[in-house]
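Contents: one structure, followed by commentary.
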Amino acid sequence: MTTLHTVDTSGTVAAQQLTDGHHLIVDALKLNDIRTIYGLVGIPITDLARIAQAEGFRYIGFRHESDAVHAAAAAGFLTKKPGVSLTVSGPGFLNGLVALANATTNCFPVVQISGSSDRHIVDLKRGDYEELDQMTAAERFAKAAYRVDRAEDIGRGVARAIRTAVSGRPGGVYLDIPAAVLGEVIDAEQGAASLWKVVDPAPRQLPAPEAVDRALTLLAGAARPLVVLGKGAAYAQADKQIQTFIETTGLPFLPMSMAKGLLPDNHPQSVAAARSLALREADVVMLVGARLNWLLGHGEAPQWNPEAKFIQVDIQPAEFDSNQPIAAPLLGDIGSVMDALIERNRGQIMASTPWRNELSAHSAQNIAKMAARLAADPHPMQFYGALRAIRDVVHTYPQAYIVNEGANTLDFARNVIEMRVPRHRLDSGTWGIMGIGMGYAIGAAVETGDPVIAIEGDSAFGFSGMELETICRYHLPIVVVVFNNGGVYKGDDVNTVSADPAPTVLMPGAHHDRLIEAFGGRGYQATTSAELAAALREALASGGPALINCVIDPTAGTESGHLTNLNPKGLGHA
Ligand code: ADP
Ligand code: TZD
């Protein structure tokens, strides 16, 4: 705030307090309890970041905008409040947009605030520094896009962005602030009066009683019921209600990857180890915050029982019937729906003993098979041996967050690394995107202060690897484990037609551990599972940034992991 002294014709001096667009954005965010901004500065938003820092915000500066927006998205998922990110115009905005789109796809609340070039130049396409019609571009990929054209509308714009990001189905919101609005000076009192705090940003949405009864009747008549928990259930922070409903009904449950830990993975009702059988046989399936998209085979036979009836708990009505007929739609927020289910259940649901026994027996068989694979300790290391070493260390750090991306690294780690607490696993999610690794890890570490272990394929790590510098600059408790098999999927492909490496091949023998050393972090090279366990233990005990280059057999893994069948066949290659 600055004071402007004016002298009128009679010689009277008047003092007017002034503010500007920068300060108004910071004040509006602060009023709405936002205290962290993930960004990358440049024209026209550098001062905005400085002012935020001066006003007590934590500003985390990144090396690439998509990592900043991914970090904010992780913050949104973990806290149920929108993460806020800040990008420059044109290319900086576009770099962030992929992460905004990814957050929208994953239903994570996040706001990307971006400075933009002068409207009168952009709109006539006269050619400006970093010129782009950003709002139009964002519209396609975000839940919503808004632009603030006057400083007096900043409070409205911020309120609208927050409300849109978290209410209903959460998602990514783009907020465009032209440079001229950032620099616009207005009366401070008028500015302060234009800001407001959003009341109850994500109001509870209660299901209709008849919809609850319809679902309960269906579940009560089921011979082989199944509950599928998705990341919407994790996001909803309705942990207690979900646990109560599952445990009092005895229903078998299957967690999707980011719902792992909502109930502990070693819970006797978890059928994660009998997934195929559960999907193939279940006759009534209750989806809780999980979509019947490709990750669940669109609910189609033969993966699913063609006779299965679906109950779906979701906050987005248009989600129902998107893939299969939904016999009992339950519209509402998961907390309120679970409360209503618990309240209206008069003990009529009891999962049948033969079905539970069948699932348990099948799980036990699969767990034994997995134990044998995990016990083998080949050299060079394969995925299972390395993951067993990590799993054993992680058990002693239950509060550690797991970030996970790659193809084989994702598929194997999802199954091997058990989660015991809710919302502690973040991964490639609905798009199967690579590049979330360092952004999600930074978001989780900054928001919680707890240790983060990022389990990364070597290709996946490369997408955000430069953020090692960010991790070291802020001295974050992040340990990155790179599963280095020297390639995208695998490192043993051979190009038989020229001297160039094959398309999937990356630099053999790469020492990713030395990258972090350049920034003062701890680097480790592990070639055996014992070395890996020792390095991870030491790195976690240090409480600071570390990277373990975990050397995996280049022949280990499968092309495209478990999605090999999604590659088009055609005539094949040379
Ligand atoms: P997964 O990939 O784990 O199966 P999805 O991302 O496909 O999970 O599904 C998440 C679903 O959860 C989305 O359809 C979303 O609308 C829904 N959702 C998110 N938050 C809530 C909430 N608070 N209450 C109800 N549904 C929610
Ligand atoms: N680009 C983006 C943004 N997302 C993607 N999913 C891909 C490319 C394609 N892709 C995958 O689907 S997995 C993957 C790529 C490039 C990397 C697999 O190799 P990796 O993991 O080294 O990370 P594994 O464990 O060796 O299979």
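Start at 1 and go down the list; that is how both ligands and their atoms are numbered. Computed from a prediction, not measured in an experiment: that's the story for all the values here.
- Residue I433 places no N or O, backbone or side chain, under 3.5 Å from any N or O of ligand 2.
- The proximity of F461 to ligand 2, defined as any non-hydrogen pair under 4.0 Å, does not occur for either the backbone or the side chain.
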*I would like to know whether I433 and H70 meet side chain to side chain contact (heavy atoms under 4.5 Å, CB included); could you show each step before the answer?*
CA-CA 11 Å; I433 192 176; H70 283 315; 4.2 Å; yes
*Go through the steps for T244 and Q241 under the test side-chain hydrogen bond (donor to acceptor under 3.5 Å, both in side chains), then give the verdict.*
CA-CA 5 Å; T244 303; Q241 294 99 308; over 6 Å; no
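- For ligand 2, the atoms sitting less than 4.0 Å from at least one non-hydrogen atom of N485 are 26 (O), numbered in the order shown with element in parentheses.
- Considering backbone and side-chain N/O of F483, none are found under 3.5 Å from N/O of ligand 2.
- For F412, the closest heavy-atom approach to ligand 2 does not fall below 4.0 Å.
- Closest to atom 6 (N) of ligand 2 among all protein heavy atoms lies G432 O, 2.9 Å.
- Ligand 2 has no nitrogen or oxygen under 3.5 angstrom from a nitrogen or oxygen of V488.
- Given atom 23 (O) of ligand 2, the protein heavy atom at minimum distance is A460 N, 2.8 Å.
- Counting only heavy atoms of the protein, atom 25 (O) of ligand 2 lies nearest to T409 OG1, 2.5 Å.
- The parts of D458 lying near ligand 2 are both backbone and side chain, judged by heavy-atom distances below 4.0 Å.
- Polar contact check, G406 against ligand 2: no nitrogen or oxygen pair lies under 3.5 Å apart.
- Distances from atom 24 (P) of ligand 2 to the heavy atoms of N102, N408, L566, N484 show the closest one on N408.
- Relative ring orientation between F108 and Y440 is described as tilted, the plane-to-plane angle lying within the 30° to 60° band.
- Side-chain atoms of P329 and R214, non-hydrogen and from C-beta on, do get closer than 4.5 Å to each other.
- When only non-hydrogen protein atoms are considered, atom 17 (C) of ligand 2 lies nearest to S459 OG, 3.4 Å.
- No side-chain donor from either of N549 and H511 sits under 3.5 Å from a side-chain acceptor of the other.
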_S336 vs R204, test: side-chain hydrogen bond (donor to acceptor under 3.5 Å, both in side chains). Steps then yes/no._
CA-CA 7 Å; S336 300; R204 293 179 63 201; 3.1 Å; yes
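- Side-chain atoms of D411 come within 3.5 Å of backbone atoms of H562 as a donor-acceptor pair (strictly under, hydrogens ignored).
- Of all atoms in ligand 2, numbered sequentially from 1 with element shown, those under 4.0 Å from a heavy atom of A407 are 13 (S), 18 (C), 21 (O), 24 (P), 25 (O), 27 (O).
- In summary, the atoms of ligand 2 found under 4.0 Å from a heavy atom of F383, numbered by their order in the structure, are 25 (O).
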_Stepwise side-chain hydrogen bond (donor to acceptor under 3.5 Å, both in side chains) test for H267 and E247_ = CA-CA 10 Å; H267 193 285; E247 290 185 345; 2.7 Å; yes
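- In this structure, G487 has a heavy atom closer than 4.0 Å to ligand 2.
- For the pair S560/Y489, a side-chain contact is recorded, criterion being any heavy-atom separation below 4.5 Å from C-beta on.
- Taking the six-membered ring where tryptophan is involved, the planes of F383 and F483 are essentially parallel, since the angle between them stays under 30° and well short of 60°.
- By the 4.5 Å heavy-atom criterion applied to side chains, F461 and N484 are not counted as neighbours.
- Using 4.0 Å as the threshold, G557 has no heavy atom nearer than that to any atom of ligand 2.
- Contact annotation: Y489 has at least one heavy atom less than 4.0 Å from an atom of ligand 2.
- The aromatic rings of Y401 and H424 lie parallel to each other, with less than 30° between the two planes, well short of the 60° mark.
- Contacts between F463 and ligand 2 below 4.0 angstrom, taking non-hydrogen atoms only, involve the side chain exclusively.
- For D377, the salt bridge (Lys or Arg N to Asp or Glu O under 4.0 Å) partners at least two apart in sequence or on another chain are R388.
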*asked:* Could you walk me through whether R425 and N404 satisfy the side-chain hydrogen bond (donor to acceptor under 3.5 Å, both in side chains) test, starting with their C-alpha distance in whole Å, then the side-chain angles of each, then the deciding distance to 0.1 Å, before giving a yes or no?
replied: CA-CA 8 Å; R425 186 186 153 84; N404 189 197; 3.0 Å; yes
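- Listed by chain and number, residues touching ligand 1 at under 4.0 Å (heavy atoms only) are C107, R169, P170, G230, K231, G232, Y235, A236, M256, G289, A290, R291, N293, L295, D314, I315, Q316, G332, D333, I334, T430.
- At distances below 3.5 Å, at least one donor-acceptor pair connects side-chain atoms of K143 with backbone N or O atoms of R169.
- Close placement of the Y174 and F93 rings is indicated, their centers lying within 6.0 Å of each other.
- Among the atoms of K490, none of the N or O lies under 3.5 angstrom from an N or O of ligand 2.
- For atom 7 (C) of ligand 2, the closest heavy atom belonging to the protein is M434 CG, 4.0 Å.
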